[in-house]
2 protein chains.
Amino acid sequence: MTQRDASVETIQQEMTAFARRARATAARMHPELSLVSYTLLAHLDDQQGCRATDLAAHYYLDKSTVSRQIAALEKLGFVERRIDPDDHRVQVLHPTAEGAQVLANVTASRRQAFHERLADWGEEDLDRFASYLVRYNAAQEKLG
Amino acid sequence: MTQRDASVETIQQEMTAFARRARATAARMHPELSLVSYTLLAHLDDQQGCRATDLAAHYYLDKSTVSRQIAALEKLGFVERRIDPDDHRVQVLHPTAEGAQVLANVTASRRQAFHERLADWGEEDLDRFASYLVRYNAAQEKLG
DNA sequence: ACGCCACGTTGTACTGTACAACTAGTTTCC
DNA sequence: GGAAACTAGTTGTACAGTACAACGTGGCGT
């Protein structure tokens, strides 16, 4: 096995290990907002509102899945729907004030957890790791 | 925001994005063996057999979850149980010949997918990426 | 105006997961 | 030697997340 094969193998194993754990870790840390809900809410916040269809496309989720996730977030009072006056089929989704607040809390706590995990990393390593991940995910997106 | 903060932010986002997609991607690529089953079966293969409890501990899964996953793998004919003659509570789990074969196929195809995704990476970048992932996951393990 | 397309919801089914209660072996310790 | 405590695994139950298919409703093109 070449060095190259060994690296690829490691990357595969480690990415897989990470993926397996991510949900459970997130759930333990933030029982009030699952990883999926968090991601969707964060996207709404980031985009200053968007449609359910956009969320589905962006996250490769079925529209029914998004519909239910949003319904749950609405029930919690974290998201509100604004019917587009120009097209009554469309609902533009926005975080509520409360939703934005919860999101901010979870984001802060996630960020802190990541900072802790990465505390003893040097600047240069962090920077490189970040760019590798971006590159890797971009490639995955392209190849499916 | 410092450079350091920005890097941490990116790492967080990209790891999260990856985690969200991993299961679905795995399911699309390998309908015959889910990500979880694959992982468990691979561990059995790797360890030359182990107990259900060991799998649960290693993957932070409840023993009931492992029990059901193994039951499913057994039903598919991919795993067999051998009662430990010294302790009749214990079942040592092993991949069957067929299980090992399926595992080998999936592993090969996963490996190829990873190789494709990483095809245009240089040796040195691959190596560094791999070691960053190891380091990151090790830190996560330590801190919970 | 009719048919087609886009947006979203609802019915249904399945996977992965945890927790709690249970059964059945094993070890400890008096 | 036997009761209590422990360990391995299974089963009942519940729930989240997900997809697919069928549907309702609203807008658009010819």
Side-chain angles (χ1 to χ4, degrees), chain A residues 16 19-41 44 49-76 78-94, chain B residues 16 19-41 44 49-76 78-94:
Chain A
T16 304
R20 230 189 314 92
R21 279 195 293 243
R23 249 171 240 254
T25 305
R28 243 183 296 126
M29 278 176 30
H30 308 293
E32 77 280 20
L33 206 58
S34 75
L35 185 58
V36 178
S37 307
Y38 171 76
T39 306
L40 297 182
L41 193 53
L44 293 186
C50 74
R51 299 176 306 162
T53 298
D54 300 333
L55 291 175
H58 194 259
Y59 294 115
Y60 305 102
L61 292 172
D62 191 82
K63 57 191 177 155
S64 66
T65 301
V66 174
S67 174
R68 284 181 233 266
Q69 289 287 336
I70 294 300
L73 285 171
E74 190 189 25
K75 201 163 168 193
L76 289 169
F78 294 168
V79 159
E80 66 180 16
R81 307 161 189 256
R82 301 185 194 153
I83 303 289
D84 183 335
D86 295 346
D87 184 340
H88 284 210
R89 290 170 307 182
V90 171
Q91 308 171 356
V92 181
L93 306 168
H94 292 269
Chain B
T16 305
R20 231 188 315 92
R21 277 195 294 243
R23 250 171 239 255
T25 304
R28 241 182 298 128
M29 276 176 30
H30 307 294
E32 76 279 21
L33 207 57
S34 76
L35 186 58
V36 179
S37 307
Y38 171 77
T39 306
L40 297 183
L41 193 53
L44 293 186
C50 75
R51 300 176 308 161
T53 298
D54 299 334
L55 291 174
H58 194 259
Y59 294 116
Y60 304 102
L61 292 171
D62 192 81
K63 59 191 176 154
S64 65
T65 301
V66 173
S67 173
R68 285 182 232 267
Q69 289 287 335
I70 294 300
L73 284 171
E74 189 188 26
K75 200 164 167 194
L76 288 168
F78 295 167
V79 159
E80 66 180 16
R81 309 161 189 256
R82 303 186 193 152
I83 303 288
D84 183 336
D86 295 346
D87 184 341
H88 285 209
R89 291 170 307 180
V90 170
Q91 309 171 355
V92 181
L93 306 169
H94 292 268

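The sequence lines fix the lettering, A, B, ..., with proteins before strands; numbering per chain opens at 1. Scope of the values below: all heavy atoms of this structure, side chains included, with no hydrogens, waters or symmetry mates.
In terms of the side chain to side chain contact (heavy atoms under 4.5 Å, CB included) criterion, residue partners of B/His30 (sequence neighbours excluded) are, by chain and number, B/Glu32, B/Val106, B/Ser109, B/Arg110. With sequence neighbours excluded, the residues forming a side chain to side chain contact (heavy atoms under 4.5 Å, CB included) with B/Ala56 are B/Val66, listed by chain and number. Among residues two or more places apart in sequence or in another chain, the salt bridge (charged side-chain N to carboxylate O under 4.0 Å, His left out) test is passed with A/Asp62 by none. In this structure, the ring-ring contact (aromatic ring centres under 6.0 Å, His included) partners of B/Tyr59, at least two apart in sequence or on a different chain, are B/His43. Take B/Asp84 and apply the side chain to side chain donor-acceptor pair (under 3.5 Å) test, not counting sequence neighbours, and it matches no residue. Applying the side chain to side chain contact (heavy atoms under 4.5 Å, CB included) criterion to A/Ser67, with sequence neighbours excluded, gives no partner residue. Not a single side chain to side chain donor-acceptor pair (under 3.5 Å) links A/Thr65 to another residue, sequence neighbours left out. B/Arg82 meets the side chain to side chain donor-acceptor pair (under 3.5 Å) test with B/Glu80, B/His94; sequence neighbours excluded. For the side chain to side chain contact (heavy atoms under 4.5 Å, CB included) test, residues two or more places apart in sequence or in another chain that qualify with A/Arg81 are A/Ile70, A/Ala71, A/Glu74, A/Gln91, A/Leu93.
Between the CD1 atom of B/Ile70 and the P atom of D/dA8 there is a distance of 15 Å, given to the nearest Å. Rounded to whole Å, atom P of D/dT25 lies 15 Å from atom CD of A/Gln91. Atom CG in A/Asp87 sits about 6 Å away from atom P in D/dC28, given to the nearest Å. A straight line from CG of B/Leu55 to P of D/dT10 spans 12 Å, rounded to a whole angstrom.
Here the OG1-CG distance, from A/Thr25 to A/Leu35, works out to 9.5 Å after rounding to the nearest 0.5 Å. In this structure, the separation between OG on B/Ser34 and CG on B/Leu40 is 8.0 Å, given to the nearest 0.5 Å.
Place A/His88 and B/Val92 on DNA chain D by their nearest nucleotides, and B/Val92 ends up nearer the 5' end.
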Which parts of nucleotides 11-21 of chain C does protein reach within less than 4.0 Å, heavy atoms only, written one letter per nucleotide 5' to 3' as B for base, S for sugar-phosphate only and - for none?
BB---SSBBB-
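Residues from residues 78-85 of chain B placing a heavy atom under 4.0 Å of any atom in DNA chain D, listed by number, are B/Arg81.
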Identify each atom pair where a protein N or O and an N or O of nucleotides 4-7 of chain D are less than 3.5 Å apart, giving names and distance.
unit_1	atom_1	unit_2	atom_2	d
D/dT7	O4'	B/Arg89	NH1	3.2
D/dT7	O2	B/Arg89	NH1	2.9

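When the side-chain nitrogen and oxygen atoms of B/Ser67 are compared with OP1 and OP2 of D/dA8, none of them lie within a distance under 4.0 Å.
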